[in-house]
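For reference, the structure is listed below as C-alpha cells.
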Amino acid sequence: MITRIIIMDFGSQVTELIARRIRKSGVYCEIFPFNINLKVIKNFGASGVILSGGPYSVYDKNAPRVPNSVFDMKVPILGICYGAQLLCHQLGGIVAQSKEQEFGRAEITIKNSCLLFDKLLPLGTIQTVWMSHKDRITSVPPGFKAVATTPSSPFASFANDQRRIYGLLFHPEVAHTPCGSQLLHNFTYKVVGGRANWNMTNYKDQVIAKIRKQVGNDKVICGLSGGVDSLVAALLIHKAIDNQLTCIFVDNGLMRSGEAEEFNRLFRKQYNIPLITLNASDEFLNELEGIDNPEVKRKIIGKLFIKIFDSEAKKIGGAKFLAQGTLYTDVIESVSNINGPLVSIKSHHNVGGLPNVMKMELVEPLRKLFKDEVRALGRELGIPDNLINRHPFPGPGLAIRLIGTITKEKLSILISADSIYLDEIRKAGLYDEIWQAFVVLLPMRTVGVMGDSRTYDYACVLRAVTASDGMTADYYQFSHDFLGRTATRIVNEVRGINRVTYDITSKPPSTIEWE
Ligand code: XMP
C-alpha cells in the first residue's frame, strides 16, 4: 500500500516545514486545514496523521479541535506543540496555563523509551530542542507515559506505543531541533510503517496521466515566463497531450536584460512545441502609466496577461484550458487555514492576481510541489542545469522592483544595474548559493558628486536572500569587498544612479520582493 500522511494545520507558521521533511524522506504528505471536510480526509487514505502547532490555547473560546473521526481512523498520530496539547486535552489528560512559558531552545531529558525515539534518543540522553508554547501538560491521558521532560515541562513528550499516538511539545520540524528530522523519519517509517515511494519519477507518470484525464481532447495554452516552473509545467503537459498544447511567451517589457530573446532561442532550439511569441511591452507600459500602488500594478499585469491569453486562445480555435506553474507554496500562502483568508500580503499573479472573469479553466500540474521538487522533476525531464537553477523571477517582473511609477527611462536604469549585479555575483561564483538576487530602484533621488560636479540621481538597493522555498528568507552575507566593488561598478556604469545600498532584512518581517 502507498504510504500517505496527512498534516492537519492548526495555524503554525512552520507547518510547511513538516511537509518538506516528510516528503524529503520519501513519503507523500499533504497539508489540510484542521476544519477540512472529513470526506477529503477519508478519500486521501492516510496511513498516519500529524497535528501541527498553532497560536491557540486549548482553553480559548473558539479553540480548534481534532475531529473525532481522526481518532476513529485508528492510524498513528503525532501531535506537535498545540497538536500535542490537543491530544492530551481531548484524550483525558490535563493542560494547564503556566507562568513559565518556554520559547526558544530548551533541553529535554529522556525518561522513558518509546517507538518514536527508538535508536535515536536512549534513556538519560539530554537533547536540545526548540520550544514555543505557553500552556504546559500536567497530566497525560490514561494509558500514556512521559517520555521526555524539561525543567519546566514534566511532559515535554508523551507516548502510547500501543495506540501509536505521540505528543511532542517541541517542534521537530525546525532546524533548531537537531534530532527533529530523524524523529519525523521515525514516525513515518517505524511508527507508521511507511515505505519510501515518493519520488519524481513516480510522480511524473501520475501527473501526466492526470493531465490527460483532465484535458481530454481539448486544447491548452501555457504561458511561459522564462522561469523553470512554467517550463516544467509545459513539458509535462506536452508529454500528456502532445500538440493539443500551445505555449505563449509574452514579452511585457518588464524582463531583465536579454531575457526574452535568450529564452526564446533556447526553447526553440531544444523543444519541438508550438510557441507563440508576442511583444506586448507598449500595452503593459501604457496600462501601468502613472500607477504606483503595488497591488494595483499586480492586478493590472495579471489582467492583461489573461486578456492576451484569451485572445490568443481564440486565434488557435479556442482553448478550454490555461496552464500555469503554480507551486504548493503559492497555494499554501494564499489559501486560508483558519477562518477565511489570512491577511493578504500580496496578490501573487499565479493565484491571487487572476481576474474573476477568466474564461479558461486552469491546469496546474505543479500545484502540489515545492520548488526543490519542481527542480528535481525538471532534471527528470532533461531540462539543462543552467535553466533549472535559475533564480525565481516574479510574474509581474520588474514592475514590482521599480518602486513608484514606471517609466521607460527608469526601467532601463534598473535593467542595467541589475545586469551588473548579477554579472558580479556570477563572476564571484555565488549564483547557486543564493535563492534570489536583484536590484530594486527607489523612486527617490539623492545628491552626489562625480568628477567635481553635483549629481541628483536615483538610489538603488541590492537584495540577495537565501531560502529553501521563499516562504522565509535570510539576507545573504556578501563580503564588504563584493558589495563595494558592485556599488562602484553600478555608479560608474549606470547613468542615473549615484547611490547603492544593501538590504539586510530577512523575511519575515520583510518580504523578498519590495512590492
Ligand atoms: P515575497 O516577495 O512574497 O516573494 O516574499 C516570495 C517569492 O515569490 C516570488 N513572487 C512571485 N512569483 N508571481 C510569481 O510567480 C508573483 O506575483 C510573485 N510575487 C512574488 C518572489 O520573487 C519570491 O521568490
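These numbers were taken from a predicted model, which means no experiment stands behind them. We count ligands from 1, going down the list as the structure has it; atoms in each ligand are counted the same way.
Side-chain contact between C247 and F267: present, with at least one pair of heavy atoms (C-beta onward) separated by less than 4.5 Å.
Taking every heavy atom of W435 and a limit of under 4.0 angstrom, the matching atoms of ligand 1 come to 24 (O). Within ligand 1, counting atoms from 1 as listed, the ones closer than 4.0 Å to a heavy atom of G470 are 6 (C). For ligand 1, the atoms lying closer than 4.0 Å to a non-hydrogen atom of T511 are 1 (P), 2 (O), 5 (O). For ligand 1 and K507, the ligand atoms under 4.0 Å from any heavy atom of the residue are 1 (P), 3 (O), 5 (O), 6 (C). Near R298, with a cut-off below 4.0 Å to any heavy atom, the atoms of ligand 1 are 16 (C), 17 (O), 18 (C), 19 (N), 20 (C).
For residues 257-283, the set of pairs meeting the salt bridge (Lys or Arg N to Asp or Glu O under 4.0 Å) definition, not counting sequence neighbours, comprises R256-E259, E259-R390, E262-R265, D282-K408, E283-K307.
Checked against the 6.0 Å centroid threshold, F249 and F263 count as a close aromatic pair. Taking the six-membered ring for Trp and the full ring otherwise, F284 and F305 have centroids separated by under 6.0 Å.
The aromatic rings of W130 and H176 lie tilted to each other, with the angle between the two planes from 30° to 60°.
Geometrically, ligand 1 and F393 share no nitrogen or oxygen pair separated by less than 3.5 Å. At under 3.5 Å, not a single nitrogen or oxygen of P396, backbone or side chain, sits near a nitrogen or oxygen of ligand 1.
By the side chain to side chain donor-acceptor pair (under 3.5 Å) test, W514 is found to be paired with D503, residues two or more places apart in sequence or in another chain being considered.
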